[in-house]
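What follows is a short report on a single structure.
Letters go in sequence order (proteins before strands), and every chain restarts at 1.
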Amino acid sequence: MDISDKLSFYKSSSGNETHQPSAVSSSLKTLADHFNGKIVYPHAPYLKIVREESLGDSLQDAVTLKLLSRNEINEPLALDGILFFDLETTGLAGGAGTYAFLLGFGRIAGNRIIVEQYFLPDYGREYHLFEQLNLQFNEFSCLVSYNGKSYDYPLLRSRFLLNRQKFKLEDIFHVDLLHIARRLWKDSLPSCDLKSIETEILGVNREGDIPGAYIPQAYFNFIRTGIVHEVIRIVNHNYTDITSLARMLLYFSQIENNPLTAVHHGIQARLAKLAYEAEDYTLLQKLAGNIGPDSPAIPEVKKMLSLFCKRSRNWPEALSLWNELVNSASHRFFALEELAKYYEHIEADYKEAIKYTSRALSIIRALEEIQYDANTFFYKESFQYRYQRLVQKSA
DNA sequence: ATCCCTTGTGGTGGATTGTT
DNA sequence: AACAATCCACCACAAGGGAT
């Protein structure tokens, strides 16, 4: 923003609420007409837009996220108590200077999502809106956002504070879907931003979407010119953000209830890790037994299952898994090491332990002639050390 | 009894990433 | 540019077996 932008920006927000620049006033009417919205007239007018759409045929009353939240969310979440929210702002610098000019909130009723959006056409329009919002905030027991824990939520709270208003969402439970998404797709998607999850997983298509990075400039342009075209794109962008939040939450719940439905997105390995951490033996077994034999995640799933068996001293099953993994190119060193550990420390059968150790060493030697990578080197040192110790011990 | 070695586990600092 | 959550590499420590 150059200096002339700044001047006109602050001029138009000079606090004289009864004397609006005519461009803004008629623009607000244009916007209201376009979205069939309603202009709310306290001292400082703002625009309220309500839209809704279907989320599917048969929605349940509640969602479960025990596994995906790592036991953070133990109780089922009632869908009608969830408030989805997303802000569009004048910038990324989360401090007091950032203004949220579009506030979007979604709630689920029946199988539909109802989105209420509040567009503030200028500075100094928050007080009355925040009063109204606080009246509704009481109805919700849970907040859902995307990266909202670091961005939207602290920003919204500081805006309420700056307006000397109590923030009625202060102690509400907050689910940030970004972190669940990252746990699932960190390895299989190049990016876990909301747009990637939409296109790759949810099948959401954004037509004519405005890039997030352009939103602050577009809002400044509107304040300067009163042209509504880009504001319309921002409102649509925000609407899609919120409906996608709801779709993603439902998708996560579906994975939670039936993890095998998620096989086609290459996240079995991640699910197996979460199941291992949650000590969910049933899920680990289901994953190992039911994902296709050609799935590239099979070795990793077996590895996690074998570690679970090891921790619970289920040696027969652990042994059988390790013996299968010996044939896996990616996991044979892991398997051979575990077998060597088992025979050394559990069975005290040093000869058998040496057998697996030297088998690993001979594979490493063969590999070294083809290629030489850090992983092989790491295993080489450790197996050599193990071999020497075992030879001494058995002597 | 005491020491040494190996393994598993819990804690910590640094890097990464998404939000407008 | 602010910051929450996560991951990963690393470290310290406890437990247990074997050797002296």
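No engagement by A/Tyr214 is indicated, since no non-hydrogen atom pair under 4.0 Å with the nucleic acid exists. Among the protein residues, A/Ser145 comes within range of no part of the nucleic acid, since none of its heavy atoms lies under 4.0 Å from any strand. No engagement by A/Tyr342 is indicated, since no non-hydrogen atom pair under 4.0 Å with the nucleic acid exists. Among the protein residues, A/Lys195 comes within range of no part of the nucleic acid, since none of its heavy atoms lies under 4.0 Å from any strand. Using a 4.0 Å heavy-atom cutoff across all strands shown, A/Asn238 reaches no nucleic acid atom at all.
The phosphate of B/dC5 has neither OP1 nor OP2 within less than 4.0 Å of any side-chain N or O from A/Arg389. The shortest distance between the side-chain N/O atoms of A/Arg270 and the OP1/OP2 oxygens of C/dC7 is below 4.0 Å.
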Q: Would you please test A/Arg247 and A/Glu53 for salt bridge (charged side-chain N to carboxylate O under 4.0 Å, His left out) and show each step?
A: CA-CA 11 Å; A/Arg247 289 183 210 287; A/Glu53 66 180 64; 2.2 Å; yes
Q) Could you go step by step and tell me if A/Phe140 and A/Leu169 meet the side chain to side chain contact (heavy atoms under 4.5 Å, CB included) rule? A) CA-CA 9 Å; A/Phe140 300 96; A/Leu169 296 175; 5.5 Å; no
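Base pairing annotation: B/dT9 forms a Watson-Crick or G-U wobble pair with C/dA12, both donor-acceptor distances under 3.5 Å. Searching all strands for a Watson-Crick or G-U wobble partner of B/dT20 with both distances below 3.5 Å returns nothing.
When rounded to the nearest whole Å, the span between CZ of A/Phe308 and P of B/dG8 equals 16 Å. Atom CG of A/Asp152 is separated from atom P of B/dT20 by 7 Å (rounded to the nearest Å). Look at NE2 on A/His237: it is 8 Å from C1' on B/dT20, rounded to the nearest Å. In this structure, A/His179 places its NE2 atom 12 Å from C1' of B/dT16, rounding to the nearest Å. Straight-line distance from the OH atom of A/Tyr153 to the P atom of C/dA4: 12 Å, rounded to whole Å. Atoms CD (A/Glu198) and C1' (B/dG18) sit 14 Å apart, rounded to a whole Å. Residue A/Tyr151 contributes atom OH, which lies 13 Å from atom P of C/dA2 at whole-angstrom precision. We find that CD of A/Glu230 is positioned 16 Å from P of B/dT20, with the value rounded to whole Å.
Proximity note for A/Arg386 (side chain, C-beta onward) versus B/dG8, B/dT7, C/dA5: the nearest is B/dT7. Candidate nucleotides B/dT20, B/dG18, C/dC8 were compared by shortest atom distance to the side chain of A/Ser150, and B/dG18 ranks first. Among the nucleotides B/dT19, C/dT6, B/dT20, the one closest to any side-chain atom of A/Arg183 is C/dT6. Residue A/Lys149 has its side chain nearest to C/dA5 when only B/dT20, C/dA5, B/dG18 are considered. Side-chain proximity of A/His345 to the nucleotides B/dT19, B/dT7, B/dT20 is greatest for B/dT7. Listed candidates were B/dG18, B/dC5, B/dT20. Nearest to the side chain of A/Leu178 is B/dG18. In the set B/dT20, C/dC7, B/dT9, B/dT20 carries the atom at the smallest distance from any side-chain atom of A/Leu92.
Heavy-atom nearest nucleotides on DNA chain C were determined for A/Lys393 and for A/Asp187, and the one closer to the 5' end corresponds to A/Asp187. Along DNA chain C, the nucleotide closest to A/Asn147 and the one closest to A/Arg70 are compared, and the more 5′ of them pairs with A/Asn147.
Between the base of B/dT17 and the side chain of A/Arg182 there is a donor-acceptor pair shorter than 3.5 Å.
No donor-acceptor pair under 3.5 Å is formed between the side chain of A/Ser253 and the backbone N or O of A/Leu250.
Between A/Tyr239 and A/Phe35, the distance from one ring center to the other does not fall under 6.0 angstrom.
Ring geometry for A/Phe137 against A/Phe160 counts as tilted: the plane angle lies between 30° and 60°, on a 0 to 90° scale. Ring-plane geometry between A/Tyr153 and A/Phe85 is classed as perpendicular, the angle between the planes exceeding 60 degrees on a 0 to 90 degree scale with a lower cut at 30.
When side chains are defined from C-beta on, A/Val235 does not count as touching A/His34, because their heavy atoms never get closer than 4.5 Å.
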